[in-house]
Amino acid sequence: MKLAVFVSGKGTNLLNIIKKHEEGFLKSEVGLVISNHDCEAIESSTRAGIQTKVADPKSFASEVEFGNSILDALKKSEVDFVVLAGFLKKVPEVVVKNFENRVINIHPALLPSFGGKGMYGMKVHQAVIDAGCKVSGATVHIVDAEYDHGPIVLQRCVPVSGDDTPESLASKIHQLEYELLPEAIKLFEENRVKVEGRKARFFLS
Ligand code: GRF
């Protein structure tokens with residue numbers, strides 16, 4: 001599959017996907033990186049010779065125009081599959097419709113808890129610690145019209161210890177994400193995911 005990765009920050013998951021392709025774990029290759037603003041992930045993609053697009057929703061007359069511009073870019077680059085890896089804006093409806101069950105997101109907690117609008121970055125980890133949770137983790141899910149809501153594809157846990165800070169928890173979860181997200185992409189490239197209503201099932205090869 002040719003992948004588009006949507007980012008808004010550092011892009012360590014993006015770099016990890018690129019690495020997993022170079023190492024041969026993933027057949028899929030990143031062909032396009034999209035962000036809502038200039039960020040570290042855009043800089044490293046440019047350095048790696050990957051095509052990039054920066055599209056700030058605020059610079060479009062409407063959400064529809066923003067959506068069409070993203071969809072255009074995906075089509076021009078012949079993208080098959082979209083991965084959200086730290087993208088902080090809502091994916092335009094037209095993209096979700098045109099790429100039904102072909103857009104996934106990674107969230108740094110165990111959904112359906114600690115997700116939704118405004119739940120990103122350290123806010124997620126702080127909320128997990130404040131709730132006294134003994135485990136947290138990462139979730140890869142299919143993207144639908146609502147934030148952090150579509151069918152769950154893969155989840156994995158890490159223990160939360162009494163002296164964890166949002167930063168230490170984020171770091172543990174990032175390590176988990178570097179395994180979980182490529183594994184999820186691989187399931188799709190091998191056509192092993194089937195979506196039935198709210199549930200995504202996968203089949204062993
Ligand atoms: C990850 O923790 C991911 O779960 C969340 O955003 C973060 C992105 O990190 N959606 P990075 O930019 O890949 O380092």
Side-chain angles (χ1 to χ4, degrees), residues 3-23 25-26 28-30 32-48 50 52-55 57 81-92 95-96 103-129 133 135-144 146-160 164-185 187-188:
L3 307 176
V5 182
F6 287 28
V7 289
S8 296
K10 276 193 158 204
T12 63
N13 277 285
L14 162 69
L15 292 176
N16 182 57
I17 295 169
I18 297 169
K19 187 173 127 222
K20 294 286 181 188
H21 170 73
E22 287 167 357
E23 290 173 356
F25 178 78
L26 286 176
S28 304
E29 193 168 8
V30 180
L32 178 65
V33 173
I34 296 186
S35 180
N36 55 306
H37 61 182
D38 278 315
C39 56
E40 227 176 299
I42 288 288
E43 282 167 29
S44 19
S45 308
T46 309
R47 270 198 304 275
I50 297 169
T52 62
K53 177 182 171 75
V54 174
F81 196 80
V82 175
V83 179
L84 311 186
F87 185 59
L88 295 181
K89 298 287 168 190
K90 201 160 191 188
V91 178
V95 173
V96 175
V103 184
I104 58 171
N105 177 44
I106 181 142
H107 184 75
L110 296 172
L111 292 176
S113 294
F114 305 109
K117 193 169 163 51
M119 280 302 259
Y120 60 88
M122 292 304 150
K123 289 184 195 175
V124 177
H125 307 301
Q126 187 67 63
V128 166
I129 290 169
C133 293
V135 290
S136 188
T139 304
V140 176
H141 67 94
I142 292 171
V143 171
D144 64 10
E146 291 173 47
Y147 275 109
D148 301 328
H149 177 264
I152 291 168
V153 180
L154 290 180
Q155 282 186 311
R156 207 154 291 158
C157 298
V158 287
V160 181
D164 260 321
T165 61
E167 290 73 19
S168 67
L169 191 52
S171 152
K172 283 195 264 186
I173 290 175
H174 256 110
Q175 294 309 314
L176 203 66
E177 292 182 341
Y178 301 149
E179 291 172 10
L180 202 66
L181 187 54
E183 282 176 26
I185 296 169
L187 286 176
F188 283 92

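Ligands are counted one by one from 1 in listed order, and the atoms in each one are counted from 1 as well. When a residue number appears, it is its place in the shown sequence, counting from 1.
- Looking at S35, its side chain never comes within 3.5 Å of a backbone N or O of D38 through a donor-acceptor pair.
- Closer than 4.0 angstrom to ligand 1 sit non-hydrogen atoms from K10, G11, T12, N13, G86, I106, H107, P108, H174, E177.
- Side chain of H107 to backbone of F114: a donor-acceptor contact under 3.5 angstrom is found.
- Under the 3.5 Å distance criterion, the side-chain polar atoms of N13 are left unmatched by any main-chain donor or acceptor of A85.
- Here the CD1 atom belonging to I34 is positioned 11.0 Å from the OG atom belonging to S45, to the nearest 0.5 angstrom.
- Atoms CG and CG, on N105 and L181 in that order, are 9.0 Å from each other to the nearest 0.5 Å.
- Side chain of S171 to backbone of E167: no donor-acceptor contact under 3.5 angstrom is found.
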